[in-house]
**Student:** 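This is the structure, below, for whatever I ask next.
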Amino acid sequence: MSADLGTAAPAGLHPVVAPAWEAAWSHALTELELDVAQAEALLRADHAGPVSLRPQPWVPPTGLGPLPAPLVERAQALLDRQLDVARRTAEAALLSRRHLVAVDAMRERPPAVPVYLDTQG
């Protein structure tokens with residue numbers, strides 16, 4: 001069994017090492033999967049309190065080339081998860097706005113408006 005690919009090499013042939021670009025794509029997908037997992041955890045946490053977010057924004061990797069065929073299914077599953085998180089985030093934002101409107105409607109009087117009084121003139 002080849003340690004690099006996790007598959008057996010055909011008899012009489014040397015195992016093929018995964019190209020560096022396939023490893024780079026795999027790393028890029030792993031980073032995105034971690035970000036999606038964090039977003040999913042935030043959506044599950046709901047009102048659990050303060051959360052720590054990844055401090056740096058995502059930067060698309062450059063020079064990866066075409067997506068390797070063995071990673072297409074993984075990339076499609078990741079895209080499906082991203083789209084689901086985006087949908088659920090939009091739904092959570094809408095629900096939050098509705099809650100805010102309901103809370104505002106329950107106030108007995110409008111919030112106090114600052115009043116300034118000219119005591120000098």
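Computed from a predicted structure; not experimentally measured.
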**Student:** Please check if Val72 and Leu29 belong to a single hydrophobic cluster, counting links between Ile, Leu, Val, Met, Phe, Trp and Tyr side chain heavy atoms closer than 4.5 Å.
**Tutor:**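 Yes: a chain of side-chain contacts under 4.5 Å links Val72 to Leu29.
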**Student:** How long is the gap from CG on Leu34 to CD on Glu31, to the nearest 0.5 Å?
**Tutor:**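 Result: 5.5 Å between the selected atoms.
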**Student:** Check Arg81 with Glu33, please: is the shortest side-chain N to carboxylate O separation under 4.0 Å?
**Tutor:**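 Salt bridge: no.
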**Student:** Assigning hydrophobic clusters by single linkage (Ile, Leu, Val, Met, Phe, Trp, Tyr; side-chain heavy-atom cutoff under 4.5 Å), is Leu43 placed with Leu32?
**Tutor:**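 Leu43 clusters together with Leu32.
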**Student:** Could you tell me the separation between the CD atom of Gln82 and the CG atom of Asp84, rounded to the nearest 0.5 Å?
**Tutor:**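 Here the rounded value is 11.0 Å.
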**Student:** Within a radius of less than 6.0 Å around CZ of Arg87, do more than 12 heavy atoms belonging to other residues, nucleotides or ligands occur?
**Tutor:**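 Enclosed: over 12 neighbouring heavy atoms sit under 6.0 Å from CZ of Arg87.
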**Student:** Please find the pair of heavy atoms, one from Trp25 and one from Leu67, that lie closest to each other, and give the distance.
**Tutor:**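 Reported closest heavy-atom pair: CE3-CD1, 3.4 Å.
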**Student:** As an exercise, state the distance from CD of Glu40 to OG1 of Thr89, rounded to the nearest 0.5 Å.
**Tutor:**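 Result: 9.5 Å between the selected atoms.
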**Student:** What about Leu71 and Trp21, same hydrophobic cluster or not, with Ile/Leu/Val/Met/Phe/Trp/Tyr joined at side-chain heavy-atom distances under 4.5 Å?
**Tutor:**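 Linked, Leu71 and Trp21 end up in one cluster.
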**Student:** Does Thr30 reach the main-chain N or O of Ser26 with its side chain, forming a donor-acceptor pair under 3.5 Å?
**Tutor:**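 Such a contact is found between Thr30 side chain and Ser26 backbone.
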**Student:** Determine yes or no for a side-chain-to-main-chain donor-acceptor pair under 3.5 angstrom, with Ser96 supplying the side chain and Ala92 the backbone.
**Tutor:**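 Between the backbone of Ala92 and the side chain of Ser96 there is no qualifying donor-acceptor contact (under 3.5 Å).
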